[in-house]
Protein chains: 2
Amino acid sequence: MSTTRPVFYVSDGTGITAETVGHSLLTQFGGQRFHTSRIPFVDSVERAFEVAERIRAEGEARGVRPIVVNSSVNPEITAALGHSGALMLDVFEPFIAPLEAELGEQRQAKVGQAHGMVDFETYHRRINAMNFALAHDDGMSINYDQADVILVAVSRAGKTPTCIYLALHHGVAAANYPLTDEDLEHDRLPPRLRAHRSKLFGLTIDPVRLQQIRQERRPDSSYAKLETCKREVAAAEKLFRAERIPVLSTTHVSIEEISSKVMSTLGLQRVMY
Amino acid sequence: MSTTRPVFYVSDGTGITAETVGHSLLTQFGGQRFHTSRIPFVDSVERAFEVAERIRAEGEARGVRPIVVNSSVNPEITAALGHSGALMLDVFEPFIAPLEAELGEQRQAKVGQAHGMVDFETYHRRINAMNFALAHDDGMSINYDQADVILVAVSRAGKTPTCIYLALHHGVAAANYPLTDEDLEHDRLPPRLRAHRSKLFGLTIDPVRLQQIRQERRPDSSYAKLETCKREVAAAEKLFRAERIPVLSTTHVSIEEISSKVMSTLGLQRVMY
C-alpha cells in the first residue's frame, strides 16, 4: 500500500463541484489511500497564496505530492494555487475553450455562481418542497393532491431520506405512505392512494438488512424481529406486484441512486440544486 | 437572444457529477438559453446508442447542436454517445492521464462508484445524522451532547434546511435552537446552550425577507408583521454579539453556502456524500 496522499478540494465558492468531481475521480483509483480536505471560499489571490502554502506544507509533511482539485473560476487564484507544487486538476478549464467556440461567447468568470445565491422564487420552491416532505412524512395528515411522488414502503425501508433528498435537490414534492398491517393483510392499497396511481413508487429492502436497521431503532422489539421483517417485505412485494407499482430495492443503493430512479421512472424532470 | 440549446447530462450512474459540473459551466455563459435534461443509468452500449439518437433528434428539432456533459466511465458508452453529433464534454477524461501518471496506477472504470452503493457503516452514519436532525428540529426535547453543531436563530431564518443539508451531505449531527421571546428579551442564551458554546452558530436574515417568508406561512399574523421581524432580528443580532457567537446572514446565500460556512467556521471536516 502506498502512502496516504493529501487531496484538496479548493474553490472560490462552496467547493461542492470540486469535491463531486474529485470524489468521482478518486473512486476510480482503488489502489490508493487519500486524505481529503475541502477548502471553500478561497476568494482572493492573497488567500490563495496562504492556501498554497498550507498545501505545500502538508505534502512535505507526508512526503508525497498533493493533489488539488480546483473549481475556482478566477485564473489568478488558480495561478496562485499552482505555487503549492501540487498536481493541479482544474475542473472547468478543459471545457471552457470548446464551450466558448460552440456558443460564440466568452465565459464570465463570476465567483460562486453554481452553488451560490439563487433567485427568491427558486429558493422558495426548494424550501417549500422540503417543508412539504417534512410535513408529509408520517403518511397521516396528507393531501396527496399536491404530491409529485408518493413513496410506498414498510417502515424503515428508506422512504424518509429519499423524500428529503428529492425535495432538497430537485424541488420535488415527495410524500410517504407507510404500509400498515391492514394494507399488507388485504393485499390492496387504500382508496386514497389508488386515486394517485401514477405518482406511486414502491421501495423494498432485504429483510436481513431491514432487521439490522429496526434492531438499532427499537432493540429486541417484535417490530425488529427477522420474522416480522420477512413477513412485511414479502407482503409489500406481493402488493406492489398486484397493484403494478414500480418498485426498487434500496438494499445496495444510495439515496442519490434511489432518487434518480424514482425521477426517471415517473418521468419527473427537475433541475438539480 | 440565441435559440434555446439542449444540454444533456448523461451518465452510467446517477448523473449527479455530470449535472454538477455542467450546471457550473453553464452558469458561466449568461448570454445563452439552455434546456437541460438528465439521462441517468445509461449502462449499456445499446442504451447509449438509443440515447444518442434521442439527442440527435432533439438537436434537429431545435435547429441547434446539442451539448452533452458526460460522466460515463466506460469508453465504449462515451463513443456511442458521440454518434449524437453533440458537443461532447467528458468530465473525467482530461484528468485520467495526469492522475494515472501521478499515482502510477491505471484507473478502474467501474460504473456508478461515485454516487452508488456505499458501505453499511457510512450509510448508517448518514441516516443517523438525518434522523438526528429531524428529531432535533424543534429545539425542545434535545440532548445537545450528541450535536456537532447547534444552529441558533429566530423562526424561519433558515435553520431547518441547513440542518438537514448538513446531515444528508456531511453526516453532521446538526441541531436547532429557535430563539424564544424570553431569550430575546434577556439578551442571553439559556444555560443549557451556554454549556455548548463551541458548537453554536447564529443565523440572521434581512427582516424584509423574513417578513415575506413568514407572511407566506401564516398570512397576516402578528408573527409575520414587519415590525415583529425587525424587532426579533435586531434582538437576535444583539444577543449573538453579546455572546460572541459566529453569525451569517442567510438572505443572499444558498443552503450549500451556509452549510460550508458553518463547517469551516466550526472546523468540521467531513466527507461529502
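Note that the structure is predicted; figures quoted are calculated from it, not measured. Here is the naming used below: chain letters follow the sequence lines, and residue numbers restart at 1 for every chain.
Counting heavy-atom pairs closer than 4.5 Å to chain A, the top residue among B:Glu102, B:Met130, B:Arg5 is B:Glu102. Comparing A:Ile258, A:Asn131, A:Leu26, A:Val64 by heavy-atom pairs within less than 4.5 Å of chain B, the highest count is held by A:Asn131.
Within residues 65-72 of chain A, the residues having any heavy atom under 4.5 Å from a heavy atom of chain B are, by residue number, A:Arg65, A:Ile67.
Classified by interplanar angle (parallel below 30°, tilted 30° to 60°, perpendicular above 60°), the ring pair B:His169/A:His169 is tilted.
The distance from the CD atom of A:Glu257 to the CZ atom of B:Phe41 is 5.0 Å, given to the nearest 0.5 Å. Atom CD of residue B:Glu256 and atom OG1 of residue A:Thr17 lie 10.0 Å apart, to the nearest 0.5 angstrom. Here the straight-line distance linking atom CD of A:Glu216 with atom CG of B:Asn128 works out to 5.0 Å at 0.5 Å rounding. Interatomic distance, CD1 of A:Ile164 versus CG of B:Leu134, reported as 4.5 Å (0.5 Å rounding).
Checked against salt bridge (Lys or Arg N to Asp or Glu O under 4.0 Å), B:Arg217 has no partners two or more places apart in sequence or in another chain. B:Asp148 pairs by the salt bridge (Lys or Arg N to Asp or Glu O under 4.0 Å) definition with B:Arg270, not counting sequence neighbours. Judged as a salt bridge (Lys or Arg N to Asp or Glu O under 4.0 Å), and not counting sequence neighbours, A:Glu105 has no contacts.
With a threshold of 4.5 angstrom between heavy atoms, B:Pro40 approaches chain A through side-chain atoms but not through N, CA, C or O. Of the two parts of A:Pro161, the backbone and the side chain both hold a non-hydrogen atom closer than 4.5 Å to a non-hydrogen atom of chain B. Within the 4.5 angstrom heavy-atom criterion, atoms from both the backbone and the side chain of B:Leu103 approach chain A. Both the backbone and the side chain of A:Leu89 have a heavy atom closer than 4.5 Å to some heavy atom of chain B. At a 4.5 Å heavy-atom cutoff, the contact between B:Gln106 and chain A is made by backbone atoms alone. For chain B, the nearby part of A:Ser264 is the side chain; its heavy atoms alone come within less than 4.5 Å. Proximity to chain B (any heavy atom under 4.5 Å) is shown, for A:Leu99, by both the backbone and the side chain.
In this structure the side chain of A:Ser260 reaches within 4.5 angstrom of the side chain of B:Arg38, judged on heavy atoms.
In terms of heavy atoms, B:Tyr165 sits closest to A:Ile16 at OH-CD1, 3.4 Å. Shortest non-hydrogen contact noted between A:Phe92 and B:Val21 is CE2-O, 4.3 Å.
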Report task. Using the side-chain contact (heavy atoms from CB on, under 4.5 Å) rule, take B:Ile127 and A:Ile213 through it: C-alpha gap first, then chi angles, then the decisive distance, then the call. Result -> CA-CA 10 Å; B:Ile127 298 303; A:Ile213 297 169; over 6 Å; no

